[in-house]
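Structure, as structure tokens:
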Amino acid sequence: MTDSVLYELDNGLAVITINRPEAMNALDVPTKVALRDTVTAAGQDPAVRAVLLTGAGDRAFCVGQDLKEHLGLLKRAEETGEAPLKTVAEHYNPLVRALAGMRKPTVAAVGGVAAGAGASLAFACDFRIVADTAGFNTAFAGIALTADSGASWTLPRLVGHARATELLMLPRTVKADEALGLGLATKVVPAAELAASAREFAQQLAEGPTVAYGAVKESLAYAADHSLSELLDKEDELQTRAGDSEDHRIAVRAFLAKEKPVYLGR
């Protein structure tokens, strides 16, 4: 663990904070390693029922790659002949797989700018609660790079292929109100209320039917590249899993008793 990534678990909600506010939460190697390992561990921990990802300070959620460190890595790659962007395979890809693939809800609390890989991390979450002063910028093409951290997959599914092409090839800051209209933001709140609003939103998910939420995520991901016939078989498999959960039995009993269910996450 490093001080650049903070972790808190309370009442089923894991709060993961990128903690480099002096660098607008840019991702240097120690931060990427810690973030990758922390998100992976949260996904595997049965005590965690939802994850809230955020950035320290109010200037940025995360501006992606630390370019000062990156320049040094490029110079070293020129001298040694190494591949200059091994970080995609070593850090970003496993991080996004862990974030998008975990069988529990994920929420990004976006205050300030989310740029480059930082925007990609927000896009990989299931929900994005966005401060009214915040914005998204894909940024990659602005430094002669293509999209990474899953943005080529997540962004078209949020805004459509044509708009994703525009935002990736012609990067600009999409402010909060426009982000809401495009589907990049789930909810826009006053900046002063972001932390509380995002935590309340994520806590409700942490108290929900975790097995069912995980099945919804798996079903949607599967549907993206399979036929209807294959999806129907997958839904049968997932519904069998959800129907066998303790939470499903709790929900049915509560419904018949006209009571609010109290889920256990299993």
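Just so you know, these numbers come straight off a predicted model, no measurement behind them. Just so you know, residue 1 is the first one in the sequence shown, and it goes up from there.
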Consider only side-chain heavy atoms of I, L, V, M, F, W and Y, link residues closer than 4.5 Å, and tell whether [X] and [Y] are in one cluster.
| X | Y | result |
| --- | --- | --- |
| L184 | V107 | no |
| I16 | L121 | yes |
| F136 | L182 | yes |
| L9 | L99 | yes |
| L167 | V110 | yes |

Closest contact, heavy atoms only, [X] versus [Y]:
| X | Y | result |
| --- | --- | --- |
| A134 | G112 | CB-O, 2.9 Å |
| R36 | P94 | CD-CG, 3.7 Å |
| A151 | S120 | CB-OG, 3.3 Å |
| A114 | A119 | O-CB, 3.4 Å |
| Y213 | P105 | CD1-CG, 3.3 Å |

Do we see a donor-acceptor contact under 3.5 Å between the side chains of [X] and [Y]?
| X | Y | answer |
| --- | --- | --- |
| S4 | T31 | yes |
| K187 | S197 | no |
| D37 | T40 | no |
| E235 | Y222 | no |

Measure from the side-chain N and O atoms of [X] to the backbone N and O of [Y], and report whether any donor-acceptor pair falls under 3.5 Å.
| X | Y | answer |
| --- | --- | --- |
| T240 | D236 | yes |
| N19 | D3 | yes |
| D148 | V88 | no |
| E230 | S227 | yes |
| R128 | A179 | no |
| K104 | G43 | yes |

### Query
For V51, which of T38, T106, D45 qualifies under side chain to side chain contact (heavy atoms under 4.5 Å, CB included)?
T106
### Test applied, side chain to side chain contact (heavy atoms under 4.5 Å, CB included); reference residue, T17; option that passes from L6, N25, L53, L35
L6
Mind checking the [atom1]-[atom2] spacing from [X] to [Y]? Nearest 0.5 Å is all I need.
| X | Y | atom1 | atom2 | value |
| --- | --- | --- | --- | --- |
| H91 | S149 | NE2 | OG | 11.5 Å |
| L52 | E8 | CG | CD | 9.5 Å |
| T133 | R59 | OG1 | CZ | 12.5 Å |
| R157 | S152 | CZ | OG | 10.0 Å |

### Message
The criterion is ring-ring contact (aromatic ring centres under 6.0 Å, His included); which residues satisfy it with F127, sequence neighbours excluded?
### Response
F201
### Query
Which residues satisfy the ring-ring contact (aromatic ring centres under 6.0 Å, His included) test with F61, sequence neighbours excluded?
none
### Query
Is it true that K217 and D126 make a salt bridge, defined as a side-chain N closer than 4.0 Å to a carboxylate O?
yes
### K175/E178 salt bridge by N-O under 4.0 Å criterion
no
With a cut-off of 6.0 Å (strictly less than), are more than 12 heavy atoms of other residues, nucleotides or ligands near [atom1] of [X]?
| X | atom1 | answer |
| --- | --- | --- |
| D177 | CG | no |
| D58 | CG | no |
| R163 | CZ | no |
| E90 | CD | yes |

### Task
Supply the members, apart from L228, of the Ile/Leu/Val/Met/Phe/Trp/Tyr cluster built from side-chain contacts under 4.5 Å; use none for a lone residue.
L232
Less than 4.5 Å apart, any side-chain heavy atom of [X] and any of [Y]?
| X | Y | result |
| --- | --- | --- |
| L155 | L168 | yes |
| V174 | N137 | no |
| I129 | L194 | yes |
| L13 | Q204 | no |
| M24 | V63 | yes |
| Y263 | T210 | no |
| I18 | T54 | no |

### Y92 and T87: CA distance, side-chain angles, deciding distance, side chain to side chain contact (heavy atoms under 4.5 Å, CB included) verdict
CA-CA 7 Å; Y92 290 127; T87 188; 3.9 Å; yes
### Query
Sequence neighbours excluded, which residues qualify as side-chain hydrogen bond (donor to acceptor under 3.5 Å, both in side chains) partners of R103?
E218
### Partner residues of A23 under the side chain to side chain contact (heavy atoms under 4.5 Å, CB included) criterion, sequence neighbours left out
R20, A26
### Residues in side chain to side chain contact (heavy atoms under 4.5 Å, CB included) contact with F255, at least two apart in sequence or another chain
none
### Task
Go through E237 and K234 one step at a time and tell me if the salt bridge (charged side-chain N to carboxylate O under 4.0 Å, His left out) criterion holds.
CA-CA 5 Å; E237 171 196 328; K234 186 67 172 180; 3.4 Å; yes
### Message
So, applying side-chain hydrogen bond (donor to acceptor under 3.5 Å, both in side chains) with Q203, which one of E200, E207, R199 is it?
### Response
E207
### Query
Given R172 and E166, is the salt bridge (charged side-chain N to carboxylate O under 4.0 Å, His left out) satisfied, shown in steps?
CA-CA 9 Å; R172 60 183 176 83; E166 173 198 334; 3.6 Å; yes
